[in-house]
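All heavy atoms count here, side chains included; hydrogens, waters and symmetry mates do not.
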Amino acid sequence: MSGIGIVTATAVVGVVGIFVGLFLGVAGIKFKVKVDEKEEAVLAALPGNNCGGCGYAGCSGLAAAIAKGEAPVNACPVGGEAVGNQIAEIMGVEAESQVRQVAFVACQGDCDRANKDYDYYGIEDCRMMSFVPGGGPKSCNSGCLGFGTCAKVCPFDAIRVENGVAVVDKEKCKACGKCIAVCPKNLISLIPYDAKTAVACSSKDKGPVTMKACQVGCIGCGICVKNCPSQAVTVTDFNATIDQEKCTGCGVCVEKCPKKAIITL
């Protein structure tokens, strides 16, 4: 190739490069996405677990919602009050008081206290038990299956299975709600971190049926209701419920329960 050809080719490449660079520069300016500085600041303040406990797909979704005023500043269950206060400062608002919540498994029917109808050998996933006779091997159709599906989805290692029953470590729990979503028996709920007592049974069966299935099942006798000085206990469908806002933690219901279905936390 002659020298003129080399120079010409170099010039063409250079002109094309300049043209492309100018085009990309103009396009970048024209189509630039405006970033909300508050949204970026909120996202930076969030813990980044992307657990979905706030109801949004991830931390970026929550940050966008908070920046638009569509979600409260303390909507992140993982960050808790500290993160809520930090985001409130970013948004220039005052954070509402927040009660820390933790997951609670309403079942004590472990391998020693709950009866079994048969031995199960198969996939150890609680959600698969809907295809198994009786909804699982335990005689109580409301009892914890103990295969640890909730423990497997917990991003904070806050749940473990002890002797066939899931147990929550409330110090590790961030109330993200993933365990609640996967439990097919609906045994897990959120209760205040400072709760003193809770009913550790979800059975809605009549007393005689529950007693045949589990040694520590609630039989709906109502003794707890009659003895609670703060009227914090009610019985519906043969199962006791404690109103945590009324409960003073006196422990009378724990002491009086004949089946020990109410426990001290």
Side-chain angles (χ1 to χ4, degrees), residues 33 35-107 123-130 142 144-162 164-195 198 200 202 244-245 265:
V33 178
V35 177
D36 189 325
E37 293 183 359
K38 284 189 175 181
E39 181 180 332
E40 284 193 328
V42 170
L43 181 59
L46 291 171
N49 294 90
N50 295 309
C51 64
C54 57
Y56 293 86
C59 292
S60 59
L62 176 59
I66 292 176
K68 294 175 184 176
E70 298 173 354
V73 294
N74 57 1
C76 176
V78 177
E81 186 175 359
V83 170
N85 290 337
Q86 185 179 351
I87 294 176
E89 187 175 345
I90 293 170
M91 296 299 296
V93 298
E94 190 171 333
E96 297 180 1
S97 58
Q98 188 176 15
V99 177
R100 180 181 174 183
Q101 302 272 301
V102 292
F104 173 73
V105 181
C107 180
I123 299 174
E124 294 191 350
D125 188 316
C126 300
R127 294 167 292 188
M128 296 298 293
M129 292 300 103
S130 60
S142 302
C144 177
L145 294 164
F147 294 125
T149 302
C150 52
K152 294 169 187 173
V153 302
C154 178
F156 306 103
D157 193 29
I159 306 180
R160 63 190 183 279
V161 175
E162 295 183 356
V165 172
V167 178
V168 177
D169 182 337
K170 73 176 190 177
E171 301 302 330
K172 292 182 179 180
C173 179
K174 301 299 181 182
C176 70
K178 285 197 170 184
C179 57
I180 297 174
V182 300
C183 179
K185 299 291 187 178
N186 298 315
L187 298 176
I188 310 176
S189 62
L190 295 180
I191 64 173
Y193 173 85
D194 293 329
S202 296
Q244 296 295 345
E245 291 186 0
L265 300 174

Heavy-atom check, side chain of P184 versus side chain of C126, under 4.5 Å: yes

Spatial distance of atom CG (D157) from atom NZ (K172) [nearest 0.5 Å]: 4.5 Å

Those residues that, when tested against R160, pass side-chain hydrogen bond (donor to acceptor under 3.5 Å, both in side chains) (two or more places apart): E162

Smallest separation among heavy atoms of E171 and R100, with atom names: O-NH2, 3.5 Å

Heavy-atom side-chain contact between L46 and I87 under 4.5 Å: yes

CD1-CD distance between I66 and E39, expressed to the nearest 0.5 angstrom: 10.0 Å

Between CG on residue D194 and CD on residue Q101, distance to nearest 0.5 Å: 10.0 Å

Any donor-acceptor pair under 3.5 Å from D169 side chain to A158 backbone: no

Test side chain to side chain contact (heavy atoms under 4.5 Å, CB included) applied to N49 and C176, step by step: CA-CA 10 Å; N49 294 90; C176 70; over 6 Å; no

Any donor-acceptor N/O pair, S202 side chain to S142 backbone, under 3.5 Å: no

Inter-residue atom distance L265.CG - Q244.CD, 0.5 Å rounding: 7.5 Å

Salt bridge (Lys or Arg N to Asp or Glu O under 4.0 Å) contacts in which one or both residues fall within residues 65-88, not counting sequence neighbours: none

Minimum heavy-atom distance A45-V83, with the two atoms named: O-CG1, 3.8 Å

Smallest separation among heavy atoms of K170 and V102, with atom names: O-CG1, 3.6 Å

Those residues that, when tested against Y56, pass ring-ring contact (aromatic ring centres under 6.0 Å, His included) (two or more places apart): none

Side chain to side chain contact (heavy atoms under 4.5 Å, CB included), paired with K178, selected from C183, C154, P155: P155

For the student: nearest non-hydrogen atoms of I123 and M129, plus distance: O-CE, 3.9 Å

Pairwise distance SG(C173) to CG(L190) - rounded to 0.5 angstrom: 7.0 Å

Where R127 and T149 come nearest, the two heavy atoms and their spacing: NE-CG2, 3.5 Å

Point-to-point distance, once rounded to the nearest 0.5 Å, from CE of M128 to CZ of F147: 11.5 Å

Minimum-distance pair of heavy atoms, taken over all atoms of A103 and C179: CB-SG, 3.9 Å

Close side-chain approach of I188 and C150, heavy atoms under 4.5 Å: yes

E245 atom CD, over 12 foreign heavy atoms within 6.0 Å: no

